[in-house]
Amino acid sequence: MNLTRRHMLLLLPAAGAAWKYVLAGTPEAAPNYKLSEHWWGMLIDLTKCIGCGSCVRACQTENDVPEGYFRTWVERYHVTDYDIENPQVDSPDGGKKGFPPAKDPSGKNFFVPKLCNHCADSPCTQVCPVGATFISPDGVVLVDKTYCLGCRYCVQACPYGCRFINPTTNTAEKCTLCYHRIRKGLTTACCENCPTGARQLADLKNPSDPIHEFLKTHSVQVLKPYMATHAKVFYNGLDGSVR
Amino acid sequence: MNAFKDAGHLFRLAGVFLAGILLFLVIREFLVPKSFGEYGHYRGAALAEIAARPLHYAGHDTCETCHADVLEKKKDGKHAHVNCETCHGALANHADDPASVTPQKLDTAVLCVRCHEANAAKPRGFPQVVSADHSNGLACDTCHQPHSPAITAGGAK
């Protein structure tokens with residue numbers, strides 16, 4: 001067969017694709033941090049949470065979260081006797097300044113800190129039409145704010161209500177698991193400032209992380225397991241009334 | 001019979017398609033960011049951009065390098081696991097340049113009760129007080145040392 005100019009034209013798409021990889025270049029690597037060696041999550045021990053709001057304040061300061069919006073917040077549950085399907089939940093100002101005395105000290109009262117669950121099968125990343133939100137190779141669900149259109153699909157898709165639209169940038173925003181801190185070997189702002197150790201950052205790929213021992217010896221639960229999101233925020237002592 | 005006798009228009013059509021594809025590839029080359037697809041269906045450079053945010057909380061290890069005296073007092077006390085910046089606030093600026101950034105004085109009337117005011121939702125084992133009854137309006141640190149708060153017969157713990 002003779003190669004004609006027309007045949008050469010057929011090769012163009014392939015050449016185009018190859019050229020793109022040439023242009024992509026090498027990734028900017030942070031020293032000593034290998035993306036493939038980490039898989040981040042969090043452990044929340046509800047039996048230790050005192051509802052002081054330190055995590056909420058720390059998160060807002062560390063991440064410049066706009067006033068009135070929350071990347072993490074604390075809820076207070078009140079469950080009377082057997083009525084676990086109708087808990088009363090309050091969270092004044094996200095629990096940022098602590099909580100007033102319980103209205104009804106009888107029954108069951110407890111605090112539940114919430115944040116993005118950094119799901120391994122996250123509904124929010126699946127609905128993004130432009131690839132602005134994604135699961136990083138080290139297991140953190142992030143938003144690329146330069147790429148986000150602000151279409152709000154992800155806000156609706158999150159079963160845990162963890163996303164909001166930033167009123168100044170008009171792009172989706174959420175907990176980054178303090179990605180800028182964990183990449184430097186620090187813990188998240190909320191974990192750093194939790195006085196009782198109720199919140200602990202966990203690296204599920206690190207065999208010496210205490211999370212593994214904890215998971216083996218405690219009955220932990222994730223929020224809304226029936227959503228099959230494979231959430232990576234594990235709760236110890238989670239009551240059935242929490243949703 | 002020559003099958004391609006009247007097929008000229010087909011080749012012209014194919015040519016139009018090819019030109020279209022080429023144009024698409026060229027435009028795509030300019031519009032799609034270079035790092036898109038590096039790790040998956042997103043802009044790979046976003047990872048490094050998000051990781052480059054500045055810190056506000058320096059972390060207790062940093063504080064302890066300079067304030068070893070406070071650490072010494074704190075490490076055997078009941079506040080051993082309460083980190084510096086939980087009470088003192090975000091102080092990465094101060095840690096970078098202690099001479100020009102002086103931390104604010106804390107108001108124990110606000111600070112201590114946030115954690116210690118009695119509340120039915122707190123775990124039973126956590127030390128709680130009803131501040132109005134407990135302190136008689138005195139500042140908490142008139143009796144308690146913030147870095148080693150317990151009051152015992154053998155002195156502060």
Side-chain angles (χ1 to χ4, degrees), chain A residues 6 9-10 12-13 16 19-20 23-25 27-28 30 35 47-54 58 61-64 76-78 97-102 104-106 109-111 131-137 142-144 146-147 176 179-181 183-184 186-187 189 192-197, chain B residues 11 14-15 18-19 21-22 24-26 28-29 32-62 79 81-87 89-90 92 110 113-123 125-126 128 130:
Chain A
R6 190 159 283 150
L9 268 180
L10 289 176
L12 266 175
W19 182 234
K20 212 170 114 60
L23 285 181
E28 299 159 60
L35 290 169
T47 63
K48 290 183 177 169
C49 180
I50 60 170
C52 62
S54 297
T61 309
E62 181 71 27
N63 297 298
D64 302 315
R76 176 169 61 183
Y77 274 69
H78 172 65
K97 302 190 178 91
F99 287 79
D104 181 3
S106 69
N109 291 284
F110 53 92
F111 298 111
T133 182
F134 53 89
I135 305 178
S136 73
L142 296 171
V143 180
D144 178 354
T146 60
Y147 230 56
T176 62
Y179 197 65
H180 59 296
R181 297 177 66 87
R183 284 279 294 250
K184 298 187 181 80
L186 294 166
T187 186
E192 168 74 26
N193 289 294
C194 178
T196 60
Chain B
F11 287 115
L18 272 178
I21 291 172
L22 251 174
F24 168 75
L25 282 176
V26 170
R28 189 172 183 275
E29 196 51 59
V32 176
K34 301 248 179 303
S35 64
F36 201 93
E38 191 179 323
Y39 304 111
H41 189 72
Y42 55 91
R43 209 169 51 92
L47 282 185
E49 284 165 22
I50 295 169
R53 263 191 75 85
L55 297 177
H56 290 285
Y57 287 90
H60 63 283
D61 288 336
T62 309
H79 280 167
H81 300 293
V82 186
N83 290 333
C84 316
E85 288 166 302
T86 311
C87 292
V110 180
V113 292
R114 243 186 225 146
C115 289
H116 288 293
E117 190 68 56
N119 194 311
K122 286 186 182 174
F126 186 79
Q128 304 164 41
V130 178

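Please read these numbers as outputs of a predicted model, since none were measured by experiment. Residue numbers start from 1 in every chain, and the chains themselves are labelled A, B, ... in the order their sequence lines are given, proteins ahead of strands.
- Chain A forms more heavy-atom pairs under 4.5 Å with one residue of B/Arg114, B/Glu117, B/His41 than with any other, namely B/Arg114.
- Only the side chain of B/Phe126 comes within contact range of chain A, with at least one heavy atom under 4.5 Å from a heavy atom of that chain.
- Rounded to the nearest 0.5 Å, atoms CZ (A/Arg76) and NZ (B/Lys122) are 10.0 Å apart.
- For a residue to count as touching a neighbouring chain, one of its non-hydrogen atoms must lie under 4.5 Å from one of that chain's; by this rule A/Pro101 touches chain B with the backbone only.
- For A/Asp104, no part lies near chain B; criterion is any non-hydrogen pair under 4.5 Å.
- Among residues two or more places apart in sequence or in another chain, the side-chain contact (heavy atoms from CB on, under 4.5 Å) test is passed with B/Ala58 by B/Thr62, B/Glu85, B/Ala92, B/Ala95.
- Comparing B/Val113, B/Val26, B/Ile50 by how many heavy-atom pairs each has under 4.5 Å with chain A, the most go to B/Ile50.
- Heavy-atom minimum distance, B/Leu55 versus A/Glu62: CA-OE2, 3.5 Å.
- Rounded to the nearest 0.5 angstrom, A/Thr187 OG1 and B/Tyr57 OH are separated by 13.0 Å.
- Note that NE2 of B/His56 is 7.5 Å distant from OG1 of A/Thr61, once rounded to the nearest 0.5 Å.
- In this structure, chain B has a heavy atom under 4.5 Å from the side chain of A/Lys184, while its backbone stays farther away.
- Taken to the nearest 0.5 Å, the CD atom of B/Glu49 stands 5.5 Å off from the OG1 atom of A/Thr146.
- Checked against side-chain contact (heavy atoms from CB on, under 4.5 Å), B/Val82 has the following partners two or more places apart in sequence or in another chain: A/Pro195, B/His79, B/Thr86, B/Cys87.
- Of all heavy-atom pairs spanning A/Ser136 and B/Tyr42, the tightest one is CA-OH, 4.0 Å.
- Between B/Phe36 and A/Tyr147, the ring centre distance stays below 6.0 Å.
- How far CG of B/Asp61 is from CG of A/Leu186: 8.0 Å, rounded to the nearest 0.5 Å.
- At a threshold of 4.5 Å between non-hydrogen side-chain atoms, the residues A/Phe99 and B/Asn119 count as touching.
- Annotation: maximal heavy-atom pairing with chain B below 4.5 Å, among A/Ala132, A/Ser54, A/Gly131, occurs at A/Gly131.
- One finds the NE2 atom of B/His60 at 10.5 Å from the CG atom of A/Asn193 (value rounded to the nearest 0.5 Å).
- In terms of non-hydrogen atom pairs under 4.5 Å with chain B, the most contact-rich of A/Cys49, A/Gly98, A/Ala58 is A/Ala58.
- For chain B, the option among A/Ile50, A/Asp64, A/Asp144 with the highest count of heavy-atom pairs below 4.5 Å is A/Ile50.
- Note: B/Ala51 leads B/Ala46, B/Ala51, B/Ala120 in heavy-atom pairs under 4.5 Å with chain A.
- In this structure, chain B has a heavy atom under 4.5 Å from the side chain of A/Leu35, while its backbone stays farther away.
- At least one side-chain heavy atom of A/Asn63 sits under 4.5 Å from a side-chain heavy atom of B/Arg53.
- Using a 4.5 Å heavy-atom threshold, the side chains of A/Thr196 and B/Pro123 count as separate.
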